[in-house]
Protein chains: 2
Amino acid sequence: MLLARKTLSRRAPRLRDPERTRQRLLQAASREVYRYGFQSAGLDAILAAANVTKGALYYHFESKEALGHAVIEEVVAKLQRDRWLVPLQQSKDKEPIDALIAVVQAIPARPKDVKGGCPLVNLTQEMSQLDEQFRKRLERIFHAWQEGIAAALRRGQHQGTVRRDLVPEETASLLIAMVEGYEVLAKNAQDVKVWNMGIRNIVGWLSSLRAPSKRRRG
Amino acid sequence: MLLARKTLSRRAPRLRDPERTRQRLLQAASREVYRYGFQSAGLDAILAAANVTKGALYYHFESKEALGHAVIEEVVAKLQRDRWLVPLQQSKDKEPIDALIAVVQAIPARPKDVKGGCPLVNLTQEMSQLDEQFRKRLERIFHAWQEGIAAALRRGQHQGTVRRDLVPEETASLLIAMVEGYEVLAKNAQDVKVWNMGIRNIVGWLSSLRAPSKRRRG
DNA sequence: CCAGCAACATACCGACCAGTATGTACTCTG
DNA sequence: CAGAGTACATACTGGTCGGTATGTTGCTGG
């Protein structure tokens with residue numbers, strides 16, 4: 001009786017579950033924004049997809065902008081962490097170059113994803129110039145991304161498996177540019193083949209970052 | 001008297017000059033679309049910038065979409081030709097790699113351009129998934145771009161100045177991806193320094209495409 | 001010089017859309 | 001179990017925007 005019903009069983013279907021409502025809004029909004037862009041995303045479409053009314057939306061979020069900010073911070077940022085940062089940190093047994101190759105190859109190549117492009121790029125293209133609030137939030141994600149890759153490269157340099165002549169941060173930015181650039185090309189072509197070609201070329205380039213194999217530390 | 005007044009002197013200021021009106025509309029539209037995206041570009045803002053009324057607009061263009069198509073085909077495509085195709089074709093005296101490096105370094109690095117990003121990417125990100133008419137027009141530009149670079153690389157391979165182990169079309173696509181990718185990064189950062197770093201890294205990579213210098217044909 | 005079409009100009013319309021005002025029902029606390 | 005505040009629901013508004021209907025003027029050929 002003292003504990004919140006939330007932590008107990010679900011016998012009563014809970015007509016009110018604010019956190020769940022918030023999540024439904026975030027998910028619906030991220031899908032709509034992913035597809036049409038932030039400015040062209042309609043609140044009514046989001047509400048219909050989330051099966052939620054306008055009153056609920058404006059209870060949880062101050063404005064459309066606030067909703068967009070939350071999408072970036074909670075949905076887009078999480079996606080990036082799960083696809084890049086976590087795998088890179090968890091594969092300390094592998095050589096960093098191999099880990100990077102694995103991560104690149106693990107980027108979803110389903111038609112849906114290829115045709116939609118990268119959420120980060122979509123939002124950056126649309127909003128970075130127009131809204132400083134959006135820009136800053138996106139920049140944080142880019143920075144964490146670059147730093148994650150750079151850290152892996154530095155580790156490889158210490159190991160002796162990555163060329164010492166390259167600057168980790170700059171090489172990381174180049175990798176990101178390649179990935180994003182190919183996502184743009186694939187999105188324009190609306191064709192998975194273009195993306196697969198991109199992966200091949202990127203992986204080939206990544207291989208060229210290995211230190212010449214004089215001798216490696218086990 | 002028989003010749004059109006157009007080809008003669010300008011003593012009468014010509015209140016009606018349909019071709020000039022059309023061009024004013026195209027320029028104003030391309031600026032507005034470049035800044036806000038196609039969907040968010042307002043016709044009224046375009047009309048105000050062009051100092052033209054709605055009646056004139058809809059006399060020259062069937063719809064907003066038609067205006068957008070014209071912007072792509074006449075403004076964006078021309079930009080791409082002038083920056084890439086023409087320079088590459090005109091520098092047959094130089095080695096292709098040097099020509100490519102020169103072209104990359106000649107991409108405008110003014111704050112305005114960096115903050116606005118690449119028109120091609122902007123439009124692709126926004127429209128390729130939503131409108132097949134836009135997509136096809138953009139794809140033609142990308143294809144011509146890639147083909148222009150690939151042709152230069154092939155020429156270098158025949159010369160013996162470009163590595164024979166790389167596939168011209170794929171290498172061209174990788175170069176495009178790098179350029180576009182860095183334009184995205186620089187646009188997000190809203191910082192010219194990021195773009196300059198990109199150029200350095202791209203130029204460094206381009207240098208790695210040279211054939212190992214055994215012996216070159218003059 | 002005038003008729004007729006080309007090249008505009010102006011006013012207006014209906015749709016859409018973010019945001020709000022206000023009402024209501026669920027749920028937790030005491 | 002009552003009352004209060006949380007978590008919604010509904011109806012409406014003001015503004016914007018693409019598009020159109022219709023009027024007007026400059027230009028050109030005859």
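The sequence lines fix the lettering, A, B, ..., with proteins before strands; numbering per chain opens at 1.
For the residue pair A:Gln27/A:Gln23, the side-chain donor-acceptor check at 3.5 Å is not satisfied.
When rounded to the nearest whole Å, the span between CZ of B:Arg20 and P of C:dA7 equals 15 Å. Atom-to-atom, CD of A:Glu19 to P of C:dT27 comes out at 16 Å; the value is rounded to the nearest Å. One can place CG of B:Asp17 at 12 Å from C1' of D:dC27, the figure rounded to the nearest angstrom. As a whole-Å value, the separation of A:Leu67 CG from C:dC17 P is 15 Å. Following rounding to the nearest Å, A:Lys64 (NZ) and C:dG19 (P) show an atom-to-atom distance of 8 Å.
Here CD1 of A:Ile202 is found 10.5 Å from CD of A:Gln105. Values are rounded to the nearest 0.5 Å.
A sub-4.0 Å separation between OP1 or OP2 of C:dA7 and a side-chain N or O of B:Thr21 is absent.
When the nucleotides C:dG19, D:dG19, C:dC8 are ranked by their closest atom to the side chain of B:Arg16, C:dC8 comes out on top.
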>> Run A:Gln129 and B:Arg35 through side-chain contact (heavy atoms from CB on, under 4.5 Å) and show every step you take.
In response: CA-CA 8 Å; A:Gln129 191 189 5; B:Arg35 171 145 193 119; 3.6 Å; yes

> Can B:Ile176 and B:Glu180 be said to form a side-chain contact (heavy atoms from CB on, under 4.5 Å), step by step?
Replying inline: CA-CA 6 Å; B:Ile176 293 174; B:Glu180 300 292 44; 3.9 Å; yes

>> One pair to check against side-chain hydrogen bond (donor to acceptor under 3.5 Å, both in side chains): B:Ser173 and A:Tyr182. What are the steps and the verdict?
In response: CA-CA 8 Å; B:Ser173 75; A:Tyr182 262 118; 2.5 Å; yes

>> Could you go through B:Arg140 and B:Glu73, starting from their C-alpha distance and side-chain angles, then the distance that decides it, and tell me whether this counts as side-chain contact (heavy atoms from CB on, under 4.5 Å)?
In response: CA-CA 9 Å; B:Arg140 263 178 239 139; B:Glu73 290 181 330; 3.7 Å; yes

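A heavy atom closer than 4.0 Å to some atom of DNA chain C occurs in B:Thr53, B:Lys54, B:Gly55, B:Ala56, B:Tyr59, B:His60, these being the qualifying members of residues 38-62 of chain B.
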